[in-house]
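Encoded as structure tokens, the structure appears first; notes follow it.
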Amino acid sequence: MSKSSSWPKAKTVVKKWLNLKDSEFHSDCIDERFGGETMRRRKSCSDRDDLSGGWLVEESCDDLRRPPLPRPRMFVGTWNVGGRAPHGGLDLSDWLTDDGPDSSYPHIYVLGFQEIVPLNAGNVLGAEDKAPARKWLDLIRRALNGPASDDATSSSSSSSSSRSHRPPSDTHLLQKGGRVSFSDLLAAAEDDSRSRPSTESSEPAVRRHRGGRYRYRLAASKQMVGILLCVWVRADLLPCVAGVRASCVGRGVMGYMGNKGSVSVSLSLRGGASLCFVCTHLASGDRDGDGERRNGDVAEILRRTRFARRDSPSPCRAAAPMTILEHDKVIWLGDLNYRLMEGGGGTRELVERHEWAALLERDQLRAEQKDGRVFAGWEEGRIAFPPTYKYVAGSDAYAMLSIANSSSSATAADSSRSRDRKKRTPAWCDRILWRGEGMEQRWYARGESQFSDHRPVAALFSARLGGDKPAPAHSSRF
């Protein structure tokens, strides 16, 4: 095989660049209706159906005149998985779930991943490798809904050849009759969780697996090279999600390829606010000027992200947001890659003594934000956890300390291997920010999985869509 044959063909590269502008995304279902009517089923992420511009449910003028909605809870998580495909034994339950009461279960899960594939030339310039995305989605479904044998909505097969439609048994979630608002569903779900007897009826308002948790359905998932963003909605509330759209912006090779950049999903809650979730992987590096590159990535993502127009405008509904900042509420998550600024030395000593507050004073993102160079007007919760990067994979040791401690006694072979490992000062690369009125962050924490050189980060939000008073926020989950 010639050396040139190992590189993607020019036709594939051009197609890959053009696909960054595609608004296609994947979903468990679309155009679901009320009250036992026939529902048009869609295929899973393993299929190639174009679901762009699809509606999970249409809004009516009556919906928009409903009273203020209660606050939906949104679990938001981000994880750079270091180019590793997940293995079947990887359990995401510790990261995604807790043992709280039913009333604390999130209504929406927003999960963003970076580097789900290695960022090599073949993946950046060649055809999209969707196999790791399917594996991650299967693991998420298992963590949220229990084993596949208990989940009527799980994929019948994880292979790409699976083309079957899922059974409609879990789609008859609403009582027959008149239209139901999002507030009605939320209230009914909370009342149901408190009053339900131990034996479920044959037609429960909320379907759960045998572990007692609510079922979740994939409302949308979108991949761009190594970035994957997926939005999961509690099954009983799925009919109240509308206007799901996706948009990608590449900021990698040549400023346009998808090894760096963003995947965004826009949606609205019927009768409520428009929401936008932006998953990003920004420019890496801790050299002079790299911070400005990251600021430039943010500016370009805000400028270039465009969501497709809705096909069916309504005279009683406001125009759908076309850009990120036109949404009522926005959550920005991902590997933002901001590092620590030079602080006169002593970084290793601060890390060894776990003096995170002192180390956080050198955080580049907060300095850039304070000076108004990036994320002006955005908010972030109090960081009360250690830096999330860079670890030696499979351990709790920061790469900076591991390499330094082994350098004096290493053999020549060991020294060669250690040079291959990138030495990085620990930093809070993985972040979650938000903007918009009525957003309350209940906790902000990191997970402790040793799967990659990053630790996963998550936050729980409640969103005021009406006029209720803010609830107290909590800085940490643990």
Side-chain angles (χ1 to χ4, degrees), residues 28 56 69-78 91-112 137 139-147 150-154 170-171 173-174 180-198 200-201 204-220 230-241 267 269-270 272 275 277 329 331 333 432 438-445 447 456-465 468 471-474 476-478:
D28 279 349
L56 296 182
L69 305 179
R71 59 178 79 231
R73 294 177 297 277
M74 298 178 289
F75 179 106
V76 180
T78 178
D91 186 1
L92 302 182
S93 298
D94 289 343
W95 181 38
L96 301 182
T97 61
D98 58 38
D99 296 325
D102 288 352
S103 60
S104 68
Y105 288 171
H107 301 101
I108 299 174
Y109 276 86
V110 181
L111 304 176
L137 292 175
L139 287 175
I140 295 168
R141 194 187 303 275
R142 187 187 309 168
L144 297 182
N145 292 340
D150 297 332
D151 187 0
T153 67
S154 65
D170 63 343
T171 58
L173 300 170
L174 306 178
V180 184
S181 72
F182 187 72
S183 55
D184 294 335
L185 281 169
L186 282 177
E190 300 299 345
D191 292 341
D192 181 73
S193 67
R194 290 190 293 267
S195 61
R196 179 191 302 276
S198 58
E200 294 186 344
S201 63
V206 180
R207 300 276 182 146
R208 310 185 203 179
H209 67 74
R210 68 186 180 188
R213 297 188 182 279
Y214 292 101
R215 291 189 180 278
Y216 292 86
R217 302 279 295 282
L218 179 63
C230 54
V231 179
W232 301 76
V233 178
R234 224 171 65 183
D236 54 316
L237 305 179
L238 189 63
C240 294
V241 176
L267 60 85
L269 299 179
R270 190 155 53 97
L275 308 178
F277 308 109
K329 305 177 193 304
I331 297 179
L333 59 142
I432 300 173
M439 294 286 290
E440 300 288 340
Q441 188 184 80
R442 309 309 302 273
W443 50 256
Y444 190 23
V457 172
L460 182 68
F461 293 90
S462 62
R464 286 189 295 115
L465 306 184
D468 56 328
H474 303 286
S476 177
R477 177 181 182 181
F478 305 107

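All values reported here derive from a predicted model rather than from experimental measurement.
In this structure, Arg215 and Asn145 approach most closely via the heavy-atom pair CA-OD1, 3.2 Å. In terms of heavy atoms, Ile140 sits closest to Cys230 at CD1-SG, 3.7 Å. Heavy atoms only, all atoms of each residue included: Thr97 and Tyr109 are closest at CG2-OH, 4.3 Å. The two residues Ile432 and Ala459 come nearest to each other via the heavy atoms CD1-N, 3.8 Å. In terms of heavy atoms, Val233 sits closest to Leu237 at CG1-C, 4.0 Å.
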Does Leu465 form a side-chain contact (heavy atoms from CB on, under 4.5 Å) with Arg71? I'd like the steps, not just the answer.
CA-CA 6 Å; Leu465 306 184; Arg71 59 178 79 231; over 6 Å; no

Worked verdict on Ile331 versus Met439 for side-chain contact (heavy atoms from CB on, under 4.5 Å)
CA-CA 10 Å; Ile331 297 179; Met439 294 286 290; 3.6 Å; yes

Set out, in order, the CA-CA distance, both residues' side-chain angles and the distance that settles side-chain contact (heavy atoms from CB on, under 4.5 Å) for Ile108 and Val110, then state yes or no.
CA-CA 7 Å; Ile108 299 174; Val110 181; 3.9 Å; yes

Between Leu144 and Tyr105, does the side-chain contact (heavy atoms from CB on, under 4.5 Å) criterion hold? Intermediate values first, please.
CA-CA 11 Å; Leu144 297 182; Tyr105 288 171; over 6 Å; no

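A cation-pi contact, defined as under 6.0 Å to the ring centre and within 45° of the axis, links Arg234 to Tyr214.
Considering OG of Ser462 and CZ of Arg73, their distance stands at 8.5 Å, rounded to 0.5 Å. Separating the CG atom in Leu139 from the OG atom in Ser93 is a distance of 9.5 Å, to the nearest 0.5 Å. Taken to the nearest 0.5 Å, the OG1 atom of Thr78 stands 9.5 Å off from the CG atom of Leu111.
Taking the side chain as every heavy atom from C-beta outward, Leu218 and Val231 never approach each other to under 4.5 Å. Looking at Leu238 and Trp232, their side chains never come closer than 4.5 Å, going by heavy atoms from C-beta outward. Under the 4.5 Å side-chain criterion, counting only non-hydrogen atoms from C-beta, Trp443 is not in contact with Phe461.
Checked by atom type and distance alone, the side chain of His107 never pairs as donor or acceptor with a backbone atom of Pro72 at under 3.5 Å. Without hydrogens or angle criteria, Tyr216 side chain to Pro106 main chain gives a donor-acceptor distance under 3.5 Å.
Residues forming a ring-ring contact (aromatic ring centres under 6.0 Å, His included) with Phe277 (at least two apart in sequence, or on another chain): none.
For Asp28 and Arg141, the salt-bridge test passes: some basic side-chain N is under 4.0 Å from an acidic carboxylate O.
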